[in-house]
Colleague: 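Take a look at this one; I'll ask things after.
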Amino acid sequence: MIKDFFKPSSIAEALELKDKTPGAFFLGGGTRLNKSGENFHAEAYISLEQLGLDFIALEGGVLKIGAMVTLQKLMDSEDVPQFLKDSAGGESNRNLRNASTLGGRIGYCDSSSTVVAGLLAMEADVETARGGKMALDEYIGGKMDDLVTAVILPSSKAVLIQKDQRVTANSRPDLTVAVSVLKDGGKVAKAVLAMGGVSDKPIRLKNVEARLIDGSLSSADAVQDAVQDELVPYTEKRERGTYLNYIGAVLAADCVGRAMKDISGDA
Amino acid sequence: MKIQFKLNNKTRSFDVAPGLSARKLLNDAGVRSVRNSDDGWGNTGSDTIVLDGYPVNAGLLIAAQLDGKDIKTVESLSRGRTLSAVQSAMVDMGLVQSAYNSPAAALILTDLLDRKADPSKEDIQDALSGVLHRDSGYQPYFKAVELAIARRKDETFQGDIAPEFREDLRDVGTARRKVDGPMLVRGEKAYVEDKKAPDAMILKMLRSPHAHAWIRSIDTSEAEAMEGVEIVLTYKNTPEKPYSTAGQGFPEPSPYDKSMFNKKVRHVGDRVAAVVAVDEETALAAIAKIKVEYDVLKPVFTIEDAAADGAPLVQGGPMEYVVGAPDDINELNKGTDPAEGTVIYQFPIGGNTRKNIAASVTGGIGDIDKGLADADVVLEREYKTSQIQCTPAEMHTVHTYMEGDRLIIDASTQVPWHLRRIVSTLLGIRENKVQVKKARVGGGYGSKQDILLEDVAAYATWVTGKPVFSQYTRKEEFEACSTRFPMTIGVKLGAKKDGTLTAVYMNVKANNGPFGNHCLTVPMNACSKSLPLFLCDNFKFDVTTYYSNIPPTGAYQGYGAPKGSYALQTAIAELAEELGMDHLDLIQKNRVGEGVMLEILRCLGEGREGTPALVESCGLEEALEKGSEMIEWGKKEESEDPDWKIGKGVAIIQQGSGLPGLDQSNADVKLMADGTFMVHSGGADLGTGLDTVCVKMASEVLHVDMDLVSILSGDTDNTPFDTGAYASSGTFFSGNAAKKAAEKLLENILAVAAEMLEEPVEDLEPEYPGFIAGKKGKVSYREIAHHCETGEGDGPGQMIGHARFVTDDAAFPYGAHFCQVAVNVKTGEVKLRKYYALQDAGTPINPELALSQIYGGVLKSIGHTMWEEMLLDEKGRCLTTDFDTYHVPMIKDLPEDFRAELIFTDDPFGPFGGKSVSEISTNGAAPVIAAAIHDAIGVWMRSWPFSREKVLKELGRI
């Protein structure tokens with residue numbers, strides 16, 4: 001039962017309200033907090049609407065996106081790379097995207113969130129209210145109790161590919177894979193393989209990433225095998241684990257293969 | 001807190017609790033068009049508003065979030081009774097059937113066209129991606145947008161709406177606006193929820209957490225003591241009178257095996273208690289105060305569990321028969337427990353509750369053993385289907401109240417008369433004390449053929465005298481509604497080397513769930529709408545329906561046919577492979593056609609002997625010819641990507657048009673004082689356009705514009721009896737009744753006109769736009785009405801034509817579905833690249849609505865085939881009670897190339913040659929997709945849904 005509704009005009013005020021109001025939640029678009037079936041037992045909302053977090057700024061090749069930017073506004077922006085638009089588009093239907101905020105998606109960090117997996121592949125940083133700037137990977141690996149105020153995307157020439165497996169177009173993905181590959185001098189200089197749907201939050205498969213860089217995975221089958229191996233601890237006890245393990249590896253190998261092809265210019 | 005916002009350009013202020021749902025606030029502010037289909041999950045779009053220029057779900061906002069905002073609802077789109085370009089295009093394209101979410105779609109498309117003057121198909125799909133629209137299959141939206149764009153530039157633009165049939169007729173066979181379309185797309189008051197009295201009590205149900213248990217004790221005292229609680233109902237204070245929820249013709253072929261409340265609960269979600277209170281919060285709080293202790297019993301969930309020796313009995317009470325009790329009834333009833341309640345069969349349908357069998361029947365023609373012995377090839381296969389929910393956008397809703405000593409029921413129902421009979425019988429009151437008023441139905445698809453909450457609300461009103469309103473939650477729709485039966489269907493076919501069928505056997509085992517509503521007829525339908533598609537001397541079928549503790553089953557569009565069709569048609573496809581024949585050639589060799597006498601129907605009646613029927617019209621030949629050209633049958637397609645394999649499939653389908661020999665419809669047509677007409681039809685328009693059909697019948701017979709004919713339907717006080725809207729009966733039965741009533745009225749009018757014109761009746765005929773013309777002169781309907789009603793004080797009285805329609809003649813709709821799929825052998829993904837549905841609806845009375853219904857039916861059944869499935873845990877709890885987890889098709893799931901075609905035939909028995917159109921559309925998807933997948937990757941999908949995981953398993957990948 002929401003007893004109080006606050007609309008602070010500064011981040012400091014918002015944090016202060018949060019500290020002194022038990023049961024209070026920050027409110028972005030409300031598509032999760034207000035959703036039936038989600039029981040947050042919230043007693044108060046602190047609206048983030050008037051904190052000036054609804055911005056998209058591109059400066060010196062660095063893209064900064066305010067946490068209150070809705071997924072649809074993000075998709076409508078000319079400054080946002082197509083890869084991230086597609087990641088956001090995979091999240092939900094348009095009505096929801098019109099209300100759902102980027103900060104909210106990171107805050108709730110669904111297991112198979114396409115946009116979080118996509119941001120991980122892009123090696124995004126987040127700016128938080130108390131802790132300042134940190135890698136998204138680090139943020140979602142921690143307590144996630146600090147308010148995300150913005151997402152920062154560095155300029156990159158990496159090739160990005162994302163695929164997911166879902167029941168219907170609107171279904172939450174069973175699994176999503178986002179891959180980033182940066183080549184330098186004919187070698188893989190950097191690789192990120194993010195996967196959602198196999199753990200409680202999207203994860204990075206760092207063993208596979210390292211092997212892509214050291215060149216020990218020379219074929220699609222090798223990538224698939226390596227991904228399957230690294231997924232075992234996540235999938236072995238999960239319902240439909242065999243399926244998730246298999247499909248995660250297939251999609252990952254496909255994404256890696258396509259990224260490599262795009263880099264090499266192969267058709 | 002105080003909030004202020006602009007609502008449709010007017011500033012409104014409210015003092016609200018900050019957490020109040022924005023949807024509820026808008027409803028309370030008089031905006032009825034912002035509706036609720038999913039309790040605020042954001043998956044259906046019923047609650048769409050435009051907030052500061054963006055369509056969002058009001059159900060996901062709290063009131064405080066509206067403060068300072070600019071809000072638009074569908075009411076902003078048009079002034080008064082006009083329609084905007086988008087709205088008029090939607091009405092013309094038949095996107096206003098159940099129409100529960102049509103206002104939301106209109107609002108969203110308006111936003112889209114404001115953003116993009118010429119949107120692409122993908123833009124339209126993305127804009128509407130959050131709107132559930134089950135009945136129209138989304139496809140007509142693309143053309144509606146084209147129309148809307150043109151009408152925004154030129155409001156007089158008409159455009160090409162739909163193909164036209166029957167040039168000899170004015171309205172029948174030509175697209176005309178659905179008579180209730182404009183009001184529905186404007187979001188006006190139309191549904192039961194719009195009729196709720198301000199002082200109506202709210203009824204909420206406490207439901208069982210156990211699949212099978214005795215209620216050891218129930219203590220409602222704390223709940224009853226709460227302020228605002230009017231009454232708490234349990235098995236202790238409600239009638240212990242067995243009944244069936246099935247809205248079928250009396251005596252029903254369904255056992256009476258439940259009371260309003262039972263001491264034994266038989267599924268998770270079964271009724272335990274109902275609380276009637278001043279508001280929902282109080283009712284829910286009171287429910288939380290009810291103390292229940294259960295003795296949990298071992299449940300049975302599968303057919304195998306239910307059929308096992310020593311299986312727990314779902315219905316352990318004694319059996320009774322109204323007629324035809326078996327000789328060993330006393331033996332069978334030994335050891336039964338009367339506390340479980342009596343199971344009453346109206347007549348024998350092969351039930352044996354001691355074996356968990358609700359119904360069973362066997363039948364056939366010829367000699368199946370001989371047919372199999374004569375065969376060169378014998379093929380035996382088994383197919384399984386899962387439990388599917390109807391998911392109407394409007395959840396089950398009822399409003400009951402007293403007027404004097406009469407009980408009034410505002411209902412969203414397909415069966416007003418069965419509802420009245422069942423409620424009055426259950427309450428022990430006479431039918432003259434009960435009136436059922438069918439509101440517009442926001443989607444039924446079979447689930448509103450059952451009496452699921454009306455009985456309790458009616459009883460609460462009857463005993464308290466208070467108005468009562470009750471509406472299911474989406475979760476209740478899954479746990480306590482009617483659903484598609486899970487079935488296991490064995491098929492055995494015998495054939496000669498040249499493909500001639502020598503034997504066709506179907507063994508249907510159905511999982512009925514806890515109650516026997518539709519237990520005989522749904523699985524029988526799996527045979528009766530499948531077997532007559534093929535010509536063979538030797539047919540046999542066995543049907544057995546088992547009680548279990550899964551959520552209840554019942555009617556769903558297509559009834560048992562989609563499952564029977566899946567099994568038999570897929571088996572035929574498999575037989576073609578066995579024989580090394582082309583699948584289409586095998587179908588052509590054995591299929592039904594015009595002039596065939598269907599002897600098999602003799603043993604396929606609904607609980608009684610059936611009647612053989614002659615196939616008077618059959619569009620299969622043209623459908624197969626045209627469809628095979630469209631899909632380029634025989635041409636093997638190859639993908640450039642080696643992971644994707646392409647295949648094609650075909651299936652033939654049929655349904656009935658009502659139940660000849662069982663159904664009855666009645667109608668009256670009245671001449672009004674100014675020469676206009678009023679149709680009183682018993683038919684229950686559940687969104688399909690039946691009212692429009694009946695109006696067209698009258699306008700066509702009387703030679704007047706449709707606008708001069710109005711209709712009242714589905715009101716048990718004010719319209720005559722009709723069996724109801726099920727079994728594809730609407731156009732054939734209710735339409736024929738309206739036509740006959742208009743003809744009767746015309747006969748009466750002609751007699752009066754003959755006197756007025758002093759000419760013999762034989763010389764008179766109706767003349768557009770509203771005259772009776774003779775050889776010497778003519779007289780208008782207005783003049784005739786004036787003469788009849790007033791005259792010189794001695795008029796003959798108001799002209800009224802009444803007719804009933806009953807028949808033993810059948811009008812079978814037929815169809816052929818073709819599809820092309822691409823299957824990814826690595827991921828198991830199946831893409832529907834082409835889907836062509838070619839259907840013979842006789843004369844399509846409303847061609848635009850017919851097409852819309854074909855798209856809707858096909859897409860629903862694509863959902864069943866590919867994605868939808870109710871999943872239960874080991875305790876029988878449904879895990880898929882929302883649209884996050886239950887995957888219904890939305891607009892982005894459409895086949896890439898999706899086409900419906902109407903094949904014209906002139907049926908001698910249908911009204912102006914019309915047949916049914918909607919239900920048949922659900923019968924093709926499963927077999928045609930199964931066949932196409934096999935053509936692509938060489939595996940047979942023998943259980944639906946054809947999930948990616950199952951495809952991968954069939955391929956041996958996992």
Side-chain angles (χ1 to χ4, degrees), chain A residues 1-7 27-38 42-45 47 49-50 70 72-73 75-76 89 92-100 163-172 174-175 220 224 239-247 249-251 253-254 267, chain B residues 1 17-22 38-43 45 47-48 51 54-57 59-65 67 104 108 125-131 473-475 643 826-829 863 866-868 881-885 887-893 945 947-949 952-953 957-958:
Chain A
M1 176 73 80
I2 307 301
K3 296 171 189 162
D4 293 304
F5 185 84
F6 304 107
K7 240 181 182 177
L27 176 70
T31 56
R32 290 298 293 275
L33 271 180
N34 295 330
K35 183 178 178 178
S36 293
E38 303 275 5
E43 295 188 3
Y45 282 168
S47 170
E49 193 180 337
Q50 292 182 351
T70 63
Q72 191 56 48
K73 281 186 181 169
M75 291 173 69
D76 292 340
S92 51
N93 66 61
R94 190 178 180 104
N95 271 21
L96 287 174
R97 294 200 312 266
N98 280 333
S100 182
K163 288 202 153 203
D164 57 44
Q165 180 92 336
R166 60 178 85 208
V167 180
T168 62
N170 277 17
S171 302
R172 188 180 301 155
D174 291 336
L175 193 136
Q224 190 168 325
E239 199 177 344
R240 305 166 73 207
T242 305
Y243 166 68
L244 291 175
N245 184 285
Y246 166 82
I247 203 69
V250 165
L251 293 187
D254 191 38
Chain B
M1 66 181 287
L20 177 70
S21 156
D38 68 349
D39 303 321
W41 284 66
N43 293 316
D47 52 352
T48 299
L51 183 80
Y54 290 90
V56 298
N57 302 107
L60 286 172
L61 298 169
I62 60 169
Q65 288 177 275
D67 191 29
I108 287 170
Q125 287 180 300
D126 189 52
L128 291 172
S129 57
V131 177
T473 61
R474 185 53 68 184
K475 186 166 185 269
D643 291 343
K826 281 189 177 173
T827 66
E829 181 181 358
M866 305 291 292
W867 310 303
E868 294 180 46
T881 58
D882 55 70
F883 293 122
D884 272 3
T885 51
H887 307 285
V888 293
M890 302 289 277
I891 193 168
K892 287 188 176 178
D893 300 308
S947 68
R948 296 180 186 195
E949 205 169 341
L952 290 171
K953 281 180 181 164
R957 298 271 180 170
I958 55 174

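Note that these values count all heavy atoms, side chains included, but never hydrogens, waters or copies made by symmetry. Each chain gets a letter, A, B and so on, in the order its sequence line appears, and its residues count up from 1. Everything quoted here is computed from the prediction, not taken from an experiment.
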Colleague: With the side chain counted from C-beta on, respond yes when B/Phe883 and A/Thr168 share a heavy-atom pair under 4.5 Å apart, and no when they do not.
Modeller: no

Colleague: Which atoms of B/Ala17 are under 4.5 Å from chain A, going by heavy atoms: the side chain, the backbone, both sets, or neither?
Modeller: neither

Colleague: Among B/Met890, B/Arg957, B/Met1, which has the most heavy-atom pairs under 4.5 Å with chain A?
Modeller: B/Arg957

Colleague: Counting heavy-atom pairs under 4.5 Å to chain B, which of A/Arg172, A/Lys3, A/Arg166 comes out on top?
Modeller: A/Arg166

Colleague: Considering only heavy atoms, which portion of A/Leu251 lies under 4.5 Å from any heavy atom of chain B: side chain, backbone, both, or neither?
Modeller: side chain

Colleague: So what's closer than 4.5 Å to chain B heavy atoms on A/Leu96: side chain, backbone, both or neither?
Modeller: both

Colleague: Closer than 3.5 angstrom, by distance alone: can the side chain of B/Asp39 be matched with the main-chain N or O of B/Arg474 as a donor-acceptor pair?
Modeller: yes

Colleague: Among A/Thr242, A/Asn93, A/Val250, A/Asn95, which residue forms the greatest number of heavy-atom pairs with chain B at distances under 4.5 Å?
Modeller: A/Asn95

Colleague: May I ask you to decide if A/Ser36's main-chain N or O and B/Asp38's side chain share a donor-acceptor pair within less than 3.5 Å?
Modeller: no

Colleague: Donor-acceptor check, side chain of B/Gln125 to backbone of B/Ile891, threshold 3.5 angstrom: yes or no?
Modeller: yes

Colleague: What part of A/Lys7 is in contact with chain B, defined as an atom under 4.5 angstrom from a non-hydrogen atom: side chain, backbone, both or neither?
Modeller: side chain

Colleague: Kindly say whether A/Arg94 contributes a backbone atom to a donor-acceptor pair with the side chain of B/Ser129 at under 3.5 angstrom?
Modeller: yes

Colleague: For the interface with chain B, which of A/Asn170, A/Leu33, A/Thr70 has the highest count of heavy-atom pairs at distances below 4.5 Å?
Modeller: A/Asn170

Colleague: Looking at A/Asp174, A/Asp4, A/Leu27, which makes the most heavy-atom pairs under 4.5 Å with chain B?
Modeller: A/Leu27

Colleague: Count the heavy-atom pairs under 4.5 Å between each of B/Leu51, B/Val131, B/Val56 and chain A, then report the option with the highest count.
Modeller: B/Val56

Colleague: If I measure from the heavy atoms of chain A, does B/Leu61 come under 4.5 Å with its side chain, its backbone, both, or neither?
Modeller: both

Colleague: Quick one: what part of A/Val167 sits under 4.5 Å from any heavy atom of chain B, side chain, backbone, both or neither?
Modeller: both

Colleague: Check whether A/Gln165 reaches the backbone of B/Glu829 with its side chain - one donor and one acceptor, N or O, closer than 3.5 Å.
Modeller: no

Colleague: Does A/Asn98 reach the main-chain N or O of B/Pro55 with its side chain, forming a donor-acceptor pair under 3.5 Å?
Modeller: yes

Colleague: Measure A/Arg32 against the heavy atoms of chain B and call it side chain, backbone, both or neither at under 4.5 Å.
Modeller: neither

Colleague: Select one option (side chain, backbone, both, neither) describing which atoms of A/Ser47 are under 4.5 Å from chain B's heavy atoms.
Modeller: neither

Colleague: With a 4.5 angstrom heavy-atom cut-off, could you sort out which part of A/Lys163 is near chain B: side chain, backbone, both or neither?
Modeller: neither

Colleague: Chain A heavy atoms under 4.5 Å from B/Ile108: which part of the residue, side chain, backbone, both or neither?
Modeller: side chain

Colleague: Check salt bridge (Lys or Arg N to Asp or Glu O under 4.0 Å) between B/Asp893 and all other residues, then give those that pass, not counting sequence neighbours.
Modeller: none

Colleague: Salt bridge (Lys or Arg N to Asp or Glu O under 4.0 Å) with B/Lys892: which residues, sequence neighbours excluded?
Modeller: B/Asp126

